[in-house]
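Keep in mind that what you see is a predicted model, and the values were worked out from it rather than measured.
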Amino acid sequence: MRMLVVGGSGFLGGEVCRRGVAAGWSVVGTSHVGEVTVPGVGTHRLDVTDRGAVRRLVAEVGPDVVVGTAYRTDDWTVTADGAAHVAYAAAEVGARLVHLSSDALHRGRPEPYGDDEPPTPIHVYGAAKAAAETAVRAIDPSAVLVRTSLIVGEGSKQIQLCRDALAGRAVLFTDELRCPIDVTDLACAVLELAASSYAGPLNVAGPDVVSRAELGLLVARREGLDPGGMTTATGPSSGLVRPTQVRLDSSRAAGLLRTRLRGVAELLTG
């Protein structure tokens, strides 16, 4: 199997590359700047907003599977248009497409979100992820859209944010609930789905629901840091428009996958 990981220099993309190589796949990764620093993985520079460049590269690589992980929270053209360009190019060569989506496309509510629920974005990034899904599904109905949550693990931006908040350099919200997932669990799930025929959206997140502030406390306990200095806030008090309670029901994925999706309490206390 030959796999192209768009965004292979990123946190999740790099782990997908590593897991692919370990599984015996031929893996190529892309980076907008820099290199994919995974042994055994070839690197190509790629700007996903350049539709012609995406088509040329995918045609050159000739992958059996394309994994799309590229995004920018503040750039619609990368997150939405880029996903459409990748989906179109993958469809042109008949490649299986795994598109990485996000729980950010939901507005938040007390009840868990099922796999097939339509997006209800309330901020620009969520709207971009919703637009990306719409484009991918229109171009390739056989693609799988992996809706995931906060990605944790060694090198995670989410864990670093907690460390910064514990040092008083950042803020963690007490009313913003998510279902964190380990990067290795997510990468293994992506590889399983790449080799499957599953089509459409699928929630792939951890079973534990925690606020960002609770995640900060777990990090403090694991690393022996004083939680007393942790800076917290609520969405309304900050004046920011952000999804609050976003619980992903990942029971369908848990039944489909061999990979066990571990909860964050196990990950940070085990």
Side-chain angles (χ1 to χ4, degrees), residues 1-44 46 48 61 63-73 78-79 82-83 86 96-104 129 144-163 178-196 198 202-208 215 219 222 248 250 253-254 256-264 266-268 270:
M1 292 282 281
R2 187 165 179 79
M3 178 170 63
L4 174 65
V5 182
V6 179
S9 60
F11 182 52
L12 174 60
E15 190 62 29
V16 172
C17 288
R18 277 186 286 275
R19 297 288 162 175
V21 170
W25 294 30
S26 172
V27 182
V28 175
T30 76
S31 174
H32 185 240
V33 294
E35 302 291 328
V36 178
T37 58
V38 178
V41 176
T43 302
H44 289 266
L46 182 66
V48 295
V61 173
D64 301 294
V65 173
V66 174
V67 178
T69 70
Y71 76 97
R72 285 187 189 159
T73 56
V78 171
T79 303
V86 170
R96 165 73 163 159
L97 176 62
V98 181
H99 168 75
L100 268 295
S101 190
S102 169
D103 60 2
K129 294 301 283 189
V144 56
L145 289 69
V146 177
R147 291 177 175 175
T148 194
S149 189
L150 304 183
I151 306 175
V152 298
E154 188 60 38
S156 164
K157 292 180 180 178
Q158 305 300 335
I159 300 299
Q160 186 57 50
L161 177 64
C162 291
R163 294 184 183 121
R178 293 292 187 272
C179 299
I181 184 169
D182 181 71
V183 65
T184 59
D185 294 351
L186 182 54
C188 289
V190 165
L191 289 186
E192 281 196 60
L193 290 167
S196 78
Y198 185 91
L202 183 69
N203 293 338
V204 183
D208 296 343
L215 182 60
V219 171
R222 185 190 68 173
L248 294 184
S250 298
L256 285 172
L257 300 170
R258 297 185 303 277
T259 300
R260 186 168 70 89
L261 306 177
R262 295 169 292 171
V264 70
E266 176 184 349
L267 292 166
L268 295 182

So, does [X] use its side chain to make a donor-acceptor pair with the main chain of [Y] at under 3.5 Å?
X: Ser26; Y: Met1; value: no
X: Lys129; Y: Thr73; value: no
X: Ser250; Y: Ala205; value: yes
X: Arg2; Y: Val61; value: yes
X: Thr79; Y: Arg72; value: yes
X: Thr259; Y: Asp185; value: no
X: Ser101; Y: Val146; value: no
X: Thr30; Y: His44; value: no

Where [X] and [Y] come nearest, the two heavy atoms and their spacing:
X: Pro180; Y: Ser149; answer: N-OG, 4.2 Å
X: Trp25; Y: Val65; answer: CZ3-CG2, 4.2 Å
X: Pro207; Y: Leu261; answer: CD-O, 3.3 Å
X: Val219; Y: Cys162; answer: CG2-CB, 3.9 Å
X: Val41; Y: Cys17; answer: CG2-CB, 3.9 Å
X: Ala70; Y: Val48; answer: CB-CG1, 4.3 Å

[X] side, atom [atom1]; [Y] side, atom [atom2] - distance, nearest 0.5 Å:
X: Arg18; Y: Leu191; atom1: CZ; atom2: CG; answer: 12.0 Å
X: Asp208; Y: Ile181; atom1: CG; atom2: CD1; answer: 11.5 Å
X: Leu145; Y: Leu202; atom1: CG; atom2: CG; answer: 9.5 Å
X: Cys188; Y: Leu193; atom1: SG; atom2: CG; answer: 11.5 Å
X: Arg222; Y: Leu268; atom1: CZ; atom2: CG; answer: 5.0 Å
X: Leu186; Y: Ile151; atom1: CG; atom2: CD1; answer: 5.0 Å

Pair Ser196-Arg96, side-chain donor/acceptor within less than 3.5 Å
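Yes, because at least one side-chain N or O of Ser196 sits under 3.5 Å from a partner of the opposite role on Arg96.
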Taking the side chain as C-beta and beyond, is there a heavy-atom pair between Cys179 and Asp103 under 4.5 Å?
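The answer is no; the side chains never approach within 4.5 Å.
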Would you check if Val16 and Met3 make a side-chain contact, meaning some heavy-atom pair closer than 4.5 Å?
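A side-chain contact exists here, since the closest heavy-atom pair is under 4.5 Å.
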Any chance you could lay out the side-chain contact (heavy atoms from CB on, under 4.5 Å) test for Val183 and Gln158, step after step, and finish with the verdict?
CA-CA 11 Å; Val183 65; Gln158 305 300 335; over 6 Å; no
